[in-house]
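Notes to accompany the following structure.
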Amino acid sequence: MTPAFHLFNSNRSYLNLRHYLRLCHYTTTTPPSIAKQLQEHHRHQHNRTKPLLSSLESKSHQPLISLIKSCTQKSSLLQIHGYLIRNSLLHYPTISLPFLSRMALSPIHDIAYSRQFFSQIPNPSVFLYNTLIRAYSMSNSPIEGFLMYQEMREKGLRADPVSLSFVIKCYIRVCSLIGGEQVHARILSDGHQSDSLLLTNLMDLYSLCDKGSEACKVFDEMPQRDTIAWNVLISCYMRNRRTRDVLIIFDGMLSGEFGCEPDDVTCLRLLQACSNLGALEFGEKVHGHIVERGYDNATNLCNSLIAMYSQFGNMDKAFDVFKGMHNKNVVTWSAIISGLAMNGYGREAIGAFEEMLKMGVLPDDLTFTGILSACSNCGLVDKGVVIFARMSKEFGIVPNIHHYGCMVDLLGRAGQLHQAYQLIMSMRVKPDSTIWRTLLGACRIHRNVILGERVVEHLIELKAQEAGDYVLLFNLYSSVGNWEKVTELRKFMKEKGIQTTPASSSIELKGKVHEFVVDDVSHPRKVEIYEMLDEICKQLKIAGYVAEITSELPNLDAEEKKYVLSYHSEKLAIAFGVLATPPGTTIRIAKNLRICVDCHNFAKLLSGVYNRQVIITDHTRFHHFRGGHCSCNDYW
DNA sequence: GTTATTTCCT
């Protein structure tokens, strides 16, 4: 079988299907070398083989079926199709079904041809329909899948759970909730409510259609739940931001109370959950499990580990994972480059990029997003401009909105506001609000009111203005002392009812989240916290800290401003961190809004004076303070 | 016949 098949599949110019089937006949009893000789023989006697075939055709279809099942090339299947027609073999389901599977599914996946083949079959069975519906569920026209399903039912054929599974897949592709509900009803009416696999599919459909509660209901009604069902529930929870519950599920799986264990997919999703939550300890636990189960060979899991540790600001661990990998792909390199970039190791990120090229790994668009953000985070303007040019010239990558975003940030923060504006205007893609917002932030840093106003106009044009944009503009006016505009804008915001989000900072200690707002007095340890904050201010003043009056509150006099600034939520959270953790512990704070200049200075000095690493994530940036410096290199 | 595919500008 094998040598004959090999000859057939690789050398079809010499052999046709008839020869092949004859070879199969011989090679069951003849060694491969003889089969090869036979092939030579038939090459010379191409047209004199017919009489020999008649005996074969009456025999079992088994060699033909085996051949079909192992076909990987469409050309081979086309030959077989002709043979099937000539010999009236289409009505044999044992032949037509494997044929359709090969033609319709990957790797060949020729849907049009499959449909044509299907139409030639006299009375297609449910299995044939299923195969075609399955193929449609993976194609660009999933709608055809449920049309086939309808056709099948109109012909009086009864859909089995497999048909329904693939119909669900089709509905998933187009996010059809109504379709899902219909299939759900059919599942119940046909008595398939104990088919866990089918129900898992249905759950996935509900979850993807934003019907988390329906998905959960299906899950609850399942008679038994395997790891995959739990994984789908985890995905559903993550889509609905129930990230905390994902961690609970993982614990439940580990404890054995669910009767199934976490697999590699579970771990992958959990790493994402931990990254989102900033749950460092839990992430380490998942890492432990990955090692224990031997999943640490899986490149995708290691890549996620690198991303997670980078997000925690723990580049040592990220690097450990990186070093231990044997199969580093583009994603691996991109992950470590982005990790270094966001932690302020710009030059190391560029070093990693060069190393990657040396190893012969081709960068993709996301690699460049990482490397360009490294340049913008560290103020490596010239380097960034060179790499941006190389990207399209040398690697043929057309810059996307993210790349432009990095460049606007890079030029803008470096004070080259005009170049940044020119770059946006020259973009082939339509600038989005993020791009303009980036430039607005840069205008705020460099106090460029004229450009700032123009940028706001662009935001208004996009109908994308947010409260935060007005705050930026507000701060921009006040930073140059334009009180007239400040008052005007404040009035405008009041009239329009523009609500600014109150700032808050949170810090996690031993699994408990402590949240602070400006002037917060709700914490049980508030007295100690305020004492600690005073003490810190005293120490920092010795080191040269001067509270920056950002003039964000024009009605207050200088003394009052200083007072208010001292009690920004991030300062309270930092003071609590210093108070409640042993010396040297890294303090991690999540902030809902942009950190202000003063708090940035405060944290920077504190990281040196108190020898503490401070990591503050706000909605725009990741600040890693250590040894009196910040990863954003003061391109705040 | 089922889940997840990792890296991403403010």
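Values below: every heavy atom of this structure, side chains too, minus hydrogens, waters and symmetry copies. Below, read A as the first sequence line, B as the second, and so on, with proteins coming before strands; counting in each chain starts at 1.
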Q. Does a nitrogen or oxygen in the side chain of A:Lys169 sit under 4.0 Å from OP1 or OP2 of B:dT3?
A.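 Yes.
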I need the [atom1]-[atom2] distance between [X] and [N], as an integer number of Å.
X: A:Ile133; N: B:dG1; atom1: CD1; atom2: P; value: 14 Å
X: A:Trp333; N: B:dC8; atom1: CH2; atom2: P; value: 17 Å
X: A:Met203; N: B:dT2; atom1: CE; atom2: C1'; value: 11 Å
X: A:Leu366; N: B:dT7; atom1: CG; atom2: C1'; value: 6 Å
X: A:Gln272; N: B:dT6; atom1: CD; atom2: P; value: 8 Å
X: A:Tyr295; N: B:dA4; atom1: OH; atom2: C1'; value: 13 Å
X: A:Leu270; N: B:dT3; atom1: CG; atom2: C1'; value: 14 Å
X: A:Asn343; N: B:dC8; atom1: CG; atom2: P; value: 12 Å

So what does [X] hit on the nucleic acid, given a heavy-atom distance under 4.0 Å: a base, only sugar-phosphate, or nothing?
X: A:Ser338; answer: sugar-phosphate
X: A:Thr438; answer: sugar-phosphate
X: A:Leu164; answer: nothing
X: A:Asp160; answer: nothing
X: A:Tyr404; answer: nothing
X: A:Ile401; answer: base
X: A:Ser433; answer: nothing

Give the nucleotide from the list [options] with an atom nearest to the side chain of [X].
X: A:Thr369; options: B:dT7, B:dC9, B:dG1; value: B:dC9
X: A:Val265; options: B:dC9, B:dA4, B:dG1; value: B:dA4
X: A:Val232; options: B:dG1, B:dT6, B:dT3; value: B:dT3
X: A:Val331; options: B:dG1, B:dA4, B:dT6; value: B:dT6
X: A:Leu198; options: B:dG1, B:dC9, B:dT2; value: B:dG1
X: A:Asp226; options: B:dT2, B:dG1, B:dT6; value: B:dT2
X: A:Asp204; options: B:dT3, B:dG1, B:dT10; value: B:dT3
X: A:Ser304; options: B:dT6, B:dA4, B:dC8; value: B:dT6
X: A:Arg269; options: B:dT2, B:dT10, B:dT5; value: B:dT5

Q. Of all residues at least two apart in sequence or in a different chain, which pass the side-chain hydrogen bond (donor to acceptor under 3.5 Å, both in side chains) check with A:Tyr206?
A.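 Partners of A:Tyr206 by the side-chain hydrogen bond (donor to acceptor under 3.5 Å, both in side chains) criterion, ordered by chain and then number, come out as A:His184.
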Q. Can you pull the side chain to side chain donor-acceptor pair (under 3.5 Å) pairs that have at least one residue in residues 210-227 of chain A, sequence neighbours excluded?
A. none
Q) Can you name the nearest heavy-atom pair linking A:Arg173 to A:Met138, along with the distance? A) NH1-C, 3.4 Å
Q: Tell me yes or no: between the side chains of A:Asp263 and A:Thr266, is some donor less than 3.5 Å from an acceptor?
A: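 Result is yes, a qualifying pair exists.
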Q.
Under 3.5 Å, is there a donor on one side chain and an acceptor on the other for A:Gln150 and A:Arg153?
A. no
Q: Would you please test A:Trp436 and A:Ile424 for side chain to side chain contact (heavy atoms under 4.5 Å, CB included) and show each step?
A: CA-CA 8 Å; A:Trp436 290 119; A:Ile424 295 179; 3.5 Å; yes
Q) Is any N or O donor-acceptor pair between the side chain of A:Asn300 and the base of B:dT5 shorter than 3.5 Å? A) no
